[in-house]
Enquirer: 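First the structure, which I've put down as structure tokens, then a few questions once you've had a look.
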Amino acid sequence: MKKYDYIFVGSGLYAGVFAYLACKKGKKCLVVEKRNHLGGNIYCEDMEGIHVHKYGAHIFHTSDRKVWDFVNSLAEFNRYTNSPVANYKGEMYNMPFNMNTFSKMWGISTPEQARAIIEEQRKAVQGEPKNLEEQAISLVGTDIYQKLIKGYTEKQWGRDCKDLPAFIIRRLPVRYIYDNNYFNDLYQGIPIGGYNVIIDRLFEGCEIQLGRDYLEDKEYYDGLGEKVVYTGMIDAYFGHCFGKLEYRSLRFETEVKDTDNYQGVAVVNYTDRETPYTRVIEHKHFEFGTQEKTVITREYPVSWEEGMEPYYPVNDEKNQELYRKYAEKAAQEENVIFGGRLGEYKYYDMDKVIAAALERAEKELQ
Ligand code: FAD
Ligand code: UDP
């Protein structure tokens, strides 16, 4: 009999949801986290009485009733609806691509006019879109592609839109109605009190070790637990034996501003190629804050190198091919469950991570 039933490597949502269900079943759980706090990328830091999204803006949205009920059992959600604005060289456009965007871009007023323009412009692409550029043009035409997509995307991913998979841009809605909601999901909001309320509930009852890297002491931790739930980078787990997977990283520059309202909205995207950051977040607007000051964060995309945070998997064909090799090896690893954005090398949103963890944990714990 080992001391713990489960060793959780990482303390993001995947580990948290799994650990929550395991503790409910009376399992003994140890959480090993290399950062100095719990929560992975949803962690918030308090500054000027504002919940600052330390690892980038996080807006909860889902159409999955089970996931929505689950998160609402942990925290109450506010009515925040994400409606970012794009700044292209000082011109302001509503996002996602909808009648407000089309009207501003072309001075038109009806869906019919917008469709006619896009129909004309998308002729630039023949057949099935083969990459992000073709997909974008076929969805919204060349003007919007040039002003609102190309620069932003090439900054974000550090490569040409022709070398990126089409699915990335299909994350964004295209609508012929006047509706600036960034998501199509049924449910959306921000937990009242910030995401840390959820994190604290998820890890109640677990033993926690912060500032500890599981991979540096793997044998020791494996000796402590019957099973491991691993949510770190899958290629690092196997010592990069097939080669390194690619990730994108970010640098966050956070500043307190001596004004109560800096940009009038939580998220402004800078879609030109020259501005080095992709977005500016004004955190108080996620919770309709009335504090005297405000906190903003500029988000700079950077190439990932060893030692940086691997925020985004790069799910192009080359990396997917490599990931498949690691996934095969992972399937043979007895007593280790691989999960989450890094463990499954998948561009997962929060709700999808929760759904995956609920499903896996329920199967495991039945
Ligand atoms: P993570 O949160 O990455 O947690 C993994 C944890 O494991 C980390 O804390 C890490 O330090 C730890 N770890 C890794 N290796 C080791 C090791 N060897 N030893 C110990 N600890 C280790 N989703 C949405 O639904 N809406 C949004 O608006 C949204 N915005 C986002 C914005 C940004 C900038 C980013 C990067 C992501 C965004 N997401 C959003 C996605 C969301 O962050 C993820 O779906 C979710 O947080 C993933 O949870 P996870 O448990 O898989 O991983
Ligand atoms: N995107 C864009 N212009 C924008 C916002 C997004 O071209 O103003 C593209 C970009 O390629 C990005 C993708 O749409 O990677 C998905 O955007 P999303 O906001 O979902 O990205 P995330 O929040 O995951 O960074």
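No experiment lies behind these values; they were computed from the predicted model shown.
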Enquirer: State, to 0.1 Å, how close I281 and A57 come at their nearest heavy-atom pair, and which atoms those are.
Expert: CD1-CB, 3.7 Å

Enquirer: Does the side chain of D258 reach to within under 4.5 Å of the side chain of K293, using non-hydrogen atoms?
Expert: yes

Enquirer: Any donor-acceptor pair under 3.5 Å linking the side-chain atoms of Y237 with those of E333?
Expert: yes

Enquirer: Do NZ/NE/NH1/NH2 and the carboxylate oxygens of E119 and R122 come within less than 4.0 Å?
Expert: yes

Enquirer: Between T142 and Q121, do the side chains contain an N or O donor and an N or O acceptor separated by less than 3.5 Å?
Expert: yes

Enquirer: Test of understanding: with ring pair (Phe, Tyr, Trp, His ring centres under 6.0 Å), list the residues that count as partners of H240, not counting sequence neighbours.
Expert: none

Enquirer: Please report the shortest heavy-atom distance between E287 and P191, naming the atom on each side.
Expert: OE1-O, 4.1 Å

Enquirer: Atom OH in Y88, atom CG in N269: separation rounded to 0.5 Å?
Expert: 14.5 Å

Enquirer: Give me each pair satisfying side chain to side chain donor-acceptor pair (under 3.5 Å) with a member in residues 199-212, each pair once, sequence neighbours excluded.
Expert: Y4-E207, Q209-Y221, R212-Y221

Enquirer: Give me each pair satisfying salt bridge (charged side-chain N to carboxylate O under 4.0 Å, His left out) with a member in residues 220-246, each pair once, sequence neighbours excluded.
Expert: R159-E246, K218-D222, K227-E364, K244-E306, E246-K318

Enquirer: List for me each residue that meets side chain to side chain donor-acceptor pair (under 3.5 Å) alongside D5, sequence neighbours excluded, and say none if there are none.
Expert: none

Enquirer: Tell me, which pairs form a ring pair (Phe, Tyr, Trp, His ring centres under 6.0 Å) where one or both residues lie in residues 89-147, sequence neighbours left out?
Expert: F102-W106, F102-Y176

Enquirer: Are the side chains of M105 and I117 in touch, meaning some heavy atoms are under 4.5 Å apart?
Expert: no

Enquirer: Only counting residues at least two apart or in another chain, list the ones meeting side chain to side chain donor-acceptor pair (under 3.5 Å) with E282.
Expert: H285, T294

Enquirer: For I168 and L132, work out which heavy atoms get closest and say how close.
Expert: CB-CD1, 3.8 Å

Enquirer: Only counting residues at least two apart or in another chain, list the ones meeting salt bridge (charged side-chain N to carboxylate O under 4.0 Å, His left out) with D179.
Expert: R175

Enquirer: Name every donor-acceptor pair, under 3.5 Å, that has one atom in a side chain of residues 23-33 and the other anywhere in the protein, sequence neighbours excluded.
Expert:
{"unit_1": "E33", "atom_1": "OE1", "unit_2": "S11", "atom_2": "N", "d": "2.9"}
{"unit_1": "E33", "atom_1": "OE1", "unit_2": "S11", "atom_2": "OG", "d": "2.8"}
{"unit_1": "E33", "atom_1": "OE2", "unit_2": "R35", "atom_2": "N", "d": "2.8"}

Enquirer: So, T62 and D185: side-chain donor and acceptor under 3.5 Å apart, yes or no?
Expert: no

Enquirer: Ring centres under 6.0 Å, that's the criterion: do Y348 and Y14 meet it?
Expert: no

Enquirer: Evaluate the side-chain proximity of Y195 to I190: yes if any heavy-atom separation is below 4.5 Å, no if none is.
Expert: yes

Enquirer: Enumerate the residue pairs fulfilling ring pair (Phe, Tyr, Trp, His ring centres under 6.0 Å) with a member in residues 20-42, sequence neighbours excluded, ordered by first and then second residue.
Expert: Y20-F70, H37-Y43, H37-Y55

Enquirer: Between T231 and G10, which heavy-atom pair has the shortest distance, and what is it?
Expert: OG1-CA, 3.6 Å

Enquirer: Kindly compute the distance separating CG (N315) from CD (Q320), expressed to the nearest 0.5 Å.
Expert: 4.5 Å

Enquirer: Side chain of H53, backbone of H58: donor and acceptor closer than 3.5 Å?
Expert: yes

Enquirer: Determine the minimum heavy-atom distance between V267 and N82, stating which atoms define it.
Expert: CG2-OD1, 3.9 Å

Enquirer: State, yes or no, whether a side-chain contact exists between W304 and V314 at a heavy-atom distance under 4.5 Å.
Expert: no

Enquirer: Determine the sole option in F238, Y345, Y323 for which the ring-ring contact (aromatic ring centres under 6.0 Å, His included) test with F338 is passed.
Expert: F238

Enquirer: Please give me the minimum heavy-atom distance between A124 and I137, naming the atom from each residue.
Expert: CB-CG2, 4.3 Å

Enquirer: For residues I192 and V197, determine if any side-chain heavy atom of one lies less than 4.5 Å from a side-chain heavy atom of the other.
Expert: no

Enquirer: Who else is in V52's hydrophobic cluster (ILVMFWY, side-chain heavy atoms under 4.5 Å, direct or via others)?
Expert: M47, I50, V256, V295

Enquirer: Of Y80, W68, F77, which meets ring-ring contact (aromatic ring centres under 6.0 Å, His included) against Y187?
Expert: W68

Enquirer: List the residues meeting ring pair (Phe, Tyr, Trp, His ring centres under 6.0 Å) with Y326, not counting sequence neighbours, and say none if there are none.
Expert: F242

Enquirer: Under 3.5 Å, is there a donor-acceptor pair linking the side chains of R170 and Q135?
Expert: yes

Enquirer: When you check the side-chain N and O atoms of N72 and D69, is any donor under 3.5 Å from an acceptor?
Expert: no

Enquirer: Under 4.5 Å between side-chain heavy atoms, chaining through other members, with only Ile, Leu, Val, Met, Phe, Trp and Tyr counted: pull out the rest of the cluster around V280, sorted by chain and number.
Expert: V85, M92, Y262, V265, V268, Y270, Y277, I296, Y300

